[in-house]
2 protein chains.
Amino acid sequence: MRMSRSDAAKNRERVVATASEMFRAEGYDGIGIAGLMQAAGLTNGAFYKQFDSKEALIAEATAEALARNAEAWQAVLDSAQGDPLAAVSEWYLSAPHIAHREKGCAYAALASEAPRHDARVGRAFEDGLRHTLSLISGAADGDDTMAIRLLSRLIGALMLARAVRDPELAASIVAANRAPEAPRGS
Amino acid sequence: MRMSRSDAAKNRERVVATASEMFRAEGYDGIGIAGLMQAAGLTNGAFYKQFDSKEALIAEATAEALARNAEAWQAVLDSAQGDPLAAVSEWYLSAPHIAHREKGCAYAALASEAPRHDARVGRAFEDGLRHTLSLISGAADGDDTMAIRLLSRLIGALMLARAVRDPELAASIVAANRAPEAPRGS
DNA sequence: ACATTAAGATTATGACTGTAATTTAACGAT
DNA sequence: ATCGTTAAATTACAGTCATAATCTTAATGT
């Protein structure tokens, strides 16, 4: 049955939002169009009216996820009392973030799959990264190097903490990575 | 046609070695049993004589990849002249390592998929991680915290450098992460 | 009010998935 | 020399994949 223009647009947004969560939870290959559409309350037939291909949705959903991630970074940096870098480190490696991949950092969840996908996906990651780095660098006296190093380390730590089974090992990964890096002399 | 016991064992090893490379290149879901067997010079029918399931192969191939990775770490640490941590950082973020996912670090390539797989896979990652961390820590005066932070950061940096499309951005990720962390005062 | 348009459902496509039964033929031991 | 064992090939299974044509129905433009 046909829906109004605005309802169709809402449906489209819901598909992208659903995809951005399901891809983070299951991987790009872990969920198919049919399952995705069903989770969004539609059927697979509706998909190709809104998107060119799964690859196009992957690019769009990735950009969506990274945009939401950036909002979260900004909120934590803005509301931090004391050292904002310590605040984001604690938030990024918190138990909820480790547990809920589907709402968490798209880099930790999906970046390793990017090289296998087309240029749009790579560009989504690239744009998201530049944006996130500018937020961190802004909270670190414009130190870009420090921003890159901090983000790299946090992403790696989150992945490792999620990958291991032993809670104690996961806890030691988190503990070791909570403290920001000491500033380097020139 | 049937092969000798030792040939069969060699075939099995070749399947595991092939899988350990193809999984790193394509992801666990990116390559199927048929394609895997064909790449190893066999047909899919031979698979279930040697392995219980794809999941069992995933666990075994992951352990294999991590064991080879650990050998590489040890070789670089052993043969380093000057600061061994600087040496591994340079090696880990070198152009060949970035370019050849199939022979590179299994953490950067596959760890984000671990939570979706069964306990054997998680344990493979866990055992591999403990081993690699002990190697690094041994080269850092037993500083376990430093070892975890360094490995986390390198893994994140490698993933990011591979994910972005712009070579300049990739180069800046590498450059920022080449230098080891300054020691922290107590 | 009515023809046009388009969103979504239904159904179909051929390729591929993991798994497995059956078949073939060479090895290991007798 | 014979024969049971077994590695690998062949073939088949039911399910899922991304994609797409067709159909239905309701919102839109006039």
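So you know, we letter chains A, B, ... as the sequences are listed, proteins then strands, and number each from 1.
Both B:Ile31 and A:Leu42 lie close to DNA chain C; mapped to their nearest nucleotides by heavy-atom distance, the more 5′-ward contact belongs to A:Leu42. Judged by closest nucleotide on DNA chain D, B:Gly41 is the one of A:Phe47 and B:Gly41 placed further toward the 5' end.
Close to C:dT19, at under 4.0 Å from its OP1 or OP2, lies a side-chain N or O of B:Tyr48. Phosphate contact (OP1/OP2 of C:dG8, side-chain N/O of A:Lys49, threshold under 4.0 Å): absent.
Relative to the side chain of B:Ala46, the nucleotides D:dA18, C:dG8, D:dA8 differ in distance, and D:dA8 lies closest. The side chain of B:Gln50 lies closest to D:dA8, out of D:dT11, D:dA18, D:dA8.
The CG atom of A:Leu129 lies 7.0 Å from the CD1 atom of A:Ile155; values are rounded to the nearest 0.5 Å. One distance of note links OG of B:Ser53 with CD1 of B:Ile33; it measures 8.0 Å at 0.5 Å rounding.
A salt bridge links B:Lys103 with B:Glu21: at least one charged nitrogen is closer than 4.0 Å to a carboxylate oxygen.
Across the protein-nucleic acid pair, A:Asn11 atom CG and C:dG8 atom C1' stand 9 Å apart, rounded to whole Å. Per the geometry, NE2 belonging to A:His117 stands 11 Å off P belonging to D:dA18, to the nearest Å. Rounded to an integer number of Å, the gap from A:Ile33 CD1 to C:dA15 P is 20 Å. Whole-Å rounding puts the B:Lys54 NZ to C:dT17 P distance at 8 Å. With rounding to whole Å, A:Gln38 atom CD is found 11 Å from C:dA9 atom P. Rounded to a whole Å, the CG atom of B:Asn44 is 11 Å from the C1' atom of D:dA8. The distance from atom CG of B:Leu36 to atom C1' of C:dT19 is 15 Å, rounded to the nearest whole Å. For the pair A:Asp52 CG and D:dT19 P, the interatomic distance rounds to 10 Å; values are reported in whole Å.
If you check every strand for non-hydrogen atoms under 4.0 Å, A:Gly45 touches a base.
Between A:His97 and A:Tyr92, the ring planes are perpendicular. Angles over 60° get that label, and only those under 30° would be called parallel.
Residues B:Thr62 and B:Tyr28 have side chains that bring a donor and an acceptor to within less than 3.5 angstrom of each other.
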